[in-house]
Amino acid sequence: MDLTLTEIRAFNATLQTGNYTRAADALGVSQPAITAQIRKLEGRFDHPLLERVNKGVRATELGMKLYRITRQYDDLDNSIDALMHPGLESGMHTVRVATASPLIFMPLIAEFNRRFPGATLKISTATTDECKAKVLNREVDIGLFPMHDNETNISRLAYYVHSLTAVVHPDHPLANERSLSVHQLKDESLIFYREQAFTQQLANRTFARHNLHPTSHVIMETRQDICEAVVHGLGIGFALASDIRQDNRFRSIPVEEATEQVTEHVVWLKTRSNLPGIKDFVELALERQCKSIGMTPSVATPVTIE
């Protein structure tokens, strides 16, 4: 079966934009040209690849299987485009970023914006697992989150380390403690994140190591919501130390048993390492990391890219 790049480009653009018209605009061709390529591609299969939804299309199960295989061709297109148009190397590109830790990584993002003013940054926030999925699915170019497991097709740069803290109202009896034990916290009114949140999973593991399994009657979606809940007296919350701003309305106190340090990473697909935008972003992150420890990128340092 000889699929052509023209068919693949049309198919991928249609899925990525949601309809034939936007796909045509994205590729700089006519809508009938896109429709013809899709029909030609679908004619090679026994079942449809796309199905109509209101004012657009979406992939069938077979279509999604094909897209998971062919989306890597976008990287090939971008690499060829970079060779044909060297100006892209200097920052004339779009970089899609997903972060679970915006406070930690915003200085890096801001520096990238200053360094490459011609680049367009598309930034989204999500949970750690959602960020990882976006990287794996090529929905974003760069992920900024605590990567806590190994993936053979993912590269990562260790960028920042911090630990779990308890977020306590300043009038709470425990607010003046220098650190808090899980045994002190187990009977308090606790504020939890949703179960899928990395911070909540970390808190659960910290308690479980001491055979403690506290429950909560207040579940929040974001760390900002956790802090506001603490401010309004709903209980004690949890956050990674540098994920929340300093605020005199609450105190962030280290949890004694939280020995599991969390490493925030810059994450990208290995096969996309040399793409413009991704390469620029990673090199800038490495440069900033090295400067933070008084080294230069040309000197052997403890900073590692995996």
Side-chain angles (χ1 to χ4, degrees), residues 99-108 125 127-129 131 144-149 156-266 288-289 292-294 302-304:
T99 179
S101 310
L103 282 185
I104 290 170
F105 286 105
M106 199 55 68
L108 172 61
T125 57
T127 67
T128 294
D129 288 343
C131 286
L144 305 172
F145 57 91
M147 182 77 180
H148 51 91
D149 52 7
R156 58 182 180 174
L157 167 65
Y159 191 78
Y160 190 88
V161 178
H162 53 165
S163 301
L164 187 71
T165 64
V167 184
V168 183
H169 192 283
D171 293 337
H172 193 283
L174 297 176
N176 293 320
E177 299 286 336
R178 298 186 63 178
S179 63
L180 291 172
S181 167
V182 291
H183 297 284
Q184 291 174 282
L185 294 168
K186 64 181 177 66
D187 295 323
E188 295 290 333
S189 296
L190 300 179
I191 305 166
F192 282 178
Y193 290 95
R194 51 181 168 152
E195 280 296 320
Q196 299 90 337
F198 179 84
T199 302
Q200 187 57 50
Q201 294 170 7
L202 177 60
N204 291 344
R205 290 196 299 272
T206 303
F207 279 103
R209 282 197 295 270
H210 298 271
N211 296 315
L212 300 174
H213 303 278
T215 59
S216 173
H217 297 292
V218 181
I219 313 294
M220 309 299 292
E221 287 286 321
T222 70
R223 59 182 65 95
Q224 291 84 2
D225 292 339
I226 291 274
C227 292
E228 286 302 311
V230 170
V231 168
H232 287 86
L234 291 178
I236 294 176
F238 297 95
L240 293 174
S242 297
D243 271 347
I244 55 176
R245 299 182 186 280
Q246 291 188 352
D247 192 318
N248 59 13
R249 299 179 303 159
F250 56 78
R251 292 180 183 166
S252 179
I253 304 174
V255 177
E256 292 174 10
E257 294 83 1
T259 56
E260 183 181 342
Q261 289 192 315
V262 175
T263 302
E264 304 278 352
H265 288 87
V266 178
R288 285 178 62 90
Q289 243 286 16
S292 73
I293 58 175
V303 177
T304 57

Heavy-atom pair of closest approach, residues Thr263 and His265: O-ND1, 3.1 Å

Do His172 and Glu188 touch side chain to side chain, with heavy atoms closer than 4.5 Å? yes

Would you indicate whether the side-chain heavy atoms of Ser181 and His210 approach each other to under 4.5 Å? no

Say whether, by atom type as modelled, one donor and one acceptor occur between the side chain of Ser101 and the main chain of Ile104 under 3.5 angstrom. no

Side-chain contact, heavy-atom cut-off 4.5 Å: Val230 with Ile191? yes

By ring pair (Phe, Tyr, Trp, His ring centres under 6.0 Å), Phe198 pairs with (sequence neighbours left out) His148

For the pair Glu260 (side chain) and Thr206 (backbone), establish whether a donor and an acceptor sit closer than 3.5 Å, ignoring hydrogens and angles. no

Reported CZ-to-CG distance for the pair Arg205 and Leu164, which is rounded to 0.5 angstrom: 10.0 Å

For the atom pair CD (Gln184) and OG (Ser179), what is the distance rounded to the nearest 0.5 Å? 7.5 Å

Is there a side-chain contact between Val255 and Val182, using heavy atoms and a 4.5 Å cut-off? yes

Salt bridge (charged side-chain N to carboxylate O under 4.0 Å, His left out) partners of residues 164-178, not counting sequence neighbours, each pair once: none

Provide the closest heavy-atom pair for Arg288 versus Pro107 in the form atom of the first, atom of the second, distance. NH2-CB, 3.6 Å

Could you go through Val218 and Met220, starting from their C-alpha distance and side-chain angles, then the distance that decides it, and tell me whether this counts as side chain to side chain contact (heavy atoms under 4.5 Å, CB included)? CA-CA 7 Å; Val218 181; Met220 309 299 292; 3.8 Å; yes

Is any side-chain heavy atom of Asp243 closer than 4.5 Å to a side-chain heavy atom of Glu264? yes

Straight-line distance of Ser252 OG to Phe238 CZ, nearest 0.5 Å: 11.0 Å

Under a plain distance cut-off of 3.5 Å, with no hydrogens placed, do Tyr160 and Ser242 share a side-chain donor-acceptor pair? yes

What's the separation between atom CD1 in Ile226 and atom OH in Tyr193, rounded to the nearest 0.5 Å? 5.0 Å

Thr127 side chain to Gln196 side chain, donor-acceptor N/O pair below 3.5 angstrom: no

Strictly distance-based, threshold 3.5 Å: is any side-chain N or O of Arg251 a donor or acceptor partner for the main-chain N or O of Val167? no

Strictly distance-based, threshold 3.5 Å: is any side-chain N or O of His232 a donor or acceptor partner for the main-chain N or O of Glu228? yes

Taking the side chain as C-beta and beyond, is there a heavy-atom pair between Leu174 and Ile253 under 4.5 Å? no

Taking Arg209 first and then Glu257, would you say they form a salt bridge - that is, a charged N and a carboxylate O separated by under 4.0 Å? no

Write down the atom of Pro170, the atom of Ala175, and the distance for their closest heavy-atom approach. O-CB, 3.4 Å

Between Ile244 and Cys227, what is the shortest heavy-atom contact and its length? CG2-SG, 3.7 Å

Taking the side chain as C-beta and beyond, is there a heavy-atom pair between Gln200 and Arg194 under 4.5 Å? no

Measuring from Asn204:CG to Leu212:CG, what's the distance to the nearest 0.5 Å? 11.5 Å

Could you check whether any side-chain heavy atom of Arg223 comes within less than 4.5 Å of a side-chain heavy atom of Pro102, counting everything from C-beta outward? yes

Arg245 bridged to Asp247 by N-O distance under 4.0 Å: no

For Ala166 and Ile236, the nearest pair of non-hydrogen atoms, with its separation, is CB-CG2, 4.0 Å

Tell me if a side-chain donor or acceptor on Thr99 pairs with a main-chain N or O of Thr125 at a distance below 3.5 Å. no

Counting distance only, does the side-chain N/O of Gln289 pair as donor-acceptor with the main-chain N or O of Tyr159 below 3.5 Å? yes

Taking only residues two or more places apart in sequence or in another chain, which ones pass ring pair (Phe, Tyr, Trp, His ring centres under 6.0 Å) with His169? none

Measuring from atom OG1 of Thr128 to atom CG of Leu202, what distance do you get when rounded to the nearest 0.5 angstrom? 10.5 Å

Can any side-chain N or O of Ser216 pair as donor or acceptor with the backbone N or O of Leu190 at less than 3.5 Å? yes

